[in-house]
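Structure, as structure tokens:
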Amino acid sequence: MGETVPRFTRGYDPGDLDAAVRDRGAAVIEQAYPTAQCDTFLTEVRDYLAAHPEDVAYAANSVLGGFQGDTTATLHGLVGRIPCAAGMVLQRDLVDCARRVLAPLSDTILLTIAEYMARKPGAARQELHCDTFSWRHVPGGPNPIALTVMAAMSDFTADNGATWVVLDSHGGPPTAEAPDWSEAVQAELRKGDALLFRADLFHAGGANTTTSDVRQIFSMGFQVAWLRQVENGTLSVPPEVAAGLDPELQELLGYSHELVLGLYKGGHPRNAIPASARSASA
């Protein structure tokens, strides 16, 4: 367990970051999000949940809520609900790396999911798993089909359950047997850091053994555009809401196409956005 996840600070060589993600499976970008932005995100999430208790209940009983368990609070569909989420998804270090690393397999990319997670004291350590299991019919290979981001909205420590990763465990089929825990390392992060890893890398949320320290997470993913997203972007953010968003974010949500995949009435999906709204947001 002497190895650590490669870490990068601003001024890094993008080729080195891409190589770490593609070839080792994971990298940390330090201070990807300023502390003030993390605080704003948490405040907006807290305010939204207080105003929408029905979403708290829905998330707890959802498919993903069932996977996380009752010691983890979640909120999905952040874009269009949480005002600062749009800017956080478009964090340049993360989006640009995703575009470069996923380029060998796709001309365009999509946002897989954007979610908030709060891992509370008592949360158990997860089993080592890959995020590509839902796409288990796609064979593994040297180039990833998706990337996952775990951004620390509060410090990630060994005690509060910082994410475990197994470097070099990627590239196999999604149904492969998990490696031994002795090969895993914990990615401790400071508030604002982001862990970026291949979705086919074995990883797990750690156990939160503290009595009061909630691990606050902004999580998202990027994927090749010919796979179905985990979160249905065009239902979560319908055309009338997408109209006010940056065109790049519209594309990531699914108002885009990969060759003839994802067309709307035979044309560009952005045509689903009312013409008057498109003009107003241009």
Side-chain angles (χ1 to χ4, degrees), residues 18 21-22 25-27 29 32-33 41 59 62-68 72 74-82 85-117 126 129-138 140-141 143-151 153 163 165 170-171 174 194-205 217-238 242 245-246 248-258 261-262 269:
D18 297 353
V21 173
R22 183 184 59 248
I29 299 176
Y33 297 101
F41 174 77
S62 68
V63 173
L64 291 177
F67 171 75
Q68 294 291 349
T72 300
T74 61
L75 178 66
H76 304 104
L78 298 182
V79 177
R81 286 178 168 180
I82 305 303
M88 295 182 72
V89 168
L90 294 178
Q91 203 282 345
R92 292 292 8 137
D93 300 277
L94 300 170
V95 178
D96 291 346
C97 179
R99 290 191 182 281
R100 294 189 302 266
V101 174
L102 296 174
L105 297 182
S106 188
D107 293 332
T108 55
I109 65 172
L110 294 174
L111 180 70
T112 305
I113 194 171
E115 62 181 333
Y116 162 74
M117 291 184 284
Q126 296 174 338
H129 63 280
C130 297
D131 289 343
T132 50
F133 185 77
S134 290
W135 303 307
R136 59 192 178 279
H137 303 297
V138 180
N143 293 307
I145 58 173
L147 303 178
T148 299
V149 176
M150 291 285 181
M153 298 294 99
T163 306
V165 298
H170 57 278
L195 172 65
L196 175 64
F197 57 94
R198 291 177 56 135
D200 59 352
L201 186 82
F202 278 95
H203 65 282
I217 309 161
F218 168 63
S219 177
M220 63 178 175
F222 301 100
Q223 63 180 76
V224 294
W226 41 267
L227 285 177
R228 187 166 187 174
Q229 296 151 281
V230 171
E231 187 170 82
N232 190 313
T234 54
L235 286 180
S236 297
V237 187
L245 300 177
D246 185 289
E248 183 180 15
L249 186 52
Q250 293 174 350
E251 170 204 314
L252 290 170
L253 288 167
Y255 294 94
S256 57
H257 63 92
E258 174 81 359
L261 302 178

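These numbers come from the heavy atoms of this one structure, side chains and all, not from hydrogens, waters or symmetry mates. Just so it is clear, the model here is predicted, and its values are computed rather than measured.
Counting heavy atoms from C-beta outward, V101 and F222 have side chains that stay 4.5 Å or more apart. E248 places a side-chain heavy atom less than 4.5 Å from the side chain of V95.
Applying the side chain to side chain donor-acceptor pair (under 3.5 Å) rule to N232 yields the partners T234; only residues at least two apart in sequence or on another chain are considered. Under the side chain to side chain donor-acceptor pair (under 3.5 Å) criterion, D93 pairs with R10, Y12, Q91, not counting sequence neighbours. The side chain to side chain donor-acceptor pair (under 3.5 Å) search around Y116 returns Q216, not counting sequence neighbours. A search for salt bridge (Lys or Arg N to Asp or Glu O under 4.0 Å) contacts involving E258 returns nothing, not counting sequence neighbours. With sequence neighbours excluded, the residues that form a salt bridge (Lys or Arg N to Asp or Glu O under 4.0 Å) with R81 are D55.
Remark: Y33 OH to F218 CZ distance equals 4.5 Å, nearest 0.5 Å. A distance of 10.0 Å separates CE of M88 from CG of L94, quoted to the nearest 0.5 Å. Taken to the nearest 0.5 Å, the CG atom of L227 stands 5.0 Å off from the CD1 atom of I145. To the nearest 0.5 Å, the span separating CG on L201 from CG on L195 amounts to 8.5 Å. A distance of 9.0 Å separates OH in Y255 from CG in L245, rounded to the nearest 0.5 Å. Between the CD atom in E251 and the CG atom in L111 there is a gap of 11.0 Å [rounded to 0.5 Å].
A distance-only check finds a donor-acceptor pair linking the side chain of S219 to the backbone of V149 [under 3.5 Å]. With hydrogens and angles ignored, the 3.5 Å screen pairs a side-chain donor or acceptor of S106 with a backbone N or O of A225.
Scanning all heavy atoms of the two residues, the minimum distance from A194 to A32 falls at CB-CB, 3.9 Å. The nearest pair of heavy atoms linking L249 to A86 is CD2-CB, 3.4 Å. The two residues L196 and C97 have their closest heavy-atom pair at CD2-SG, 3.7 Å. Taking all atoms of both residues into account, the shortest heavy-atom contact from P174 to V138 is CD-O, 3.6 Å. Across all non-hydrogen atoms, the minimal contact from D200 to G171 is OD2-N, 3.1 Å. Scanning all heavy atoms of the two residues, the minimum distance from R198 to G141 falls at NH2-O, 3.0 Å.
Between R22 and D18 there is no salt bridge, since none of the side-chain N atoms of the basic residue sits less than 4.0 Å from a carboxylate O of the acidic one.
Between H203 and H129, the ring-plane angle classifies as tilted under the 30° and 60° cut-offs.
Residue pairs satisfying the side-chain hydrogen bond (donor to acceptor under 3.5 Å, both in side chains) criterion with at least one member in residues 220-231, sequence neighbours excluded, are listed as follows: T112-Q223.
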Would L110 and S256 satisfy side-chain contact (heavy atoms from CB on, under 4.5 Å), going step by step from the backbone distance to the final call? CA-CA 9 Å; L110 294 174; S256 57; 3.7 Å; yes
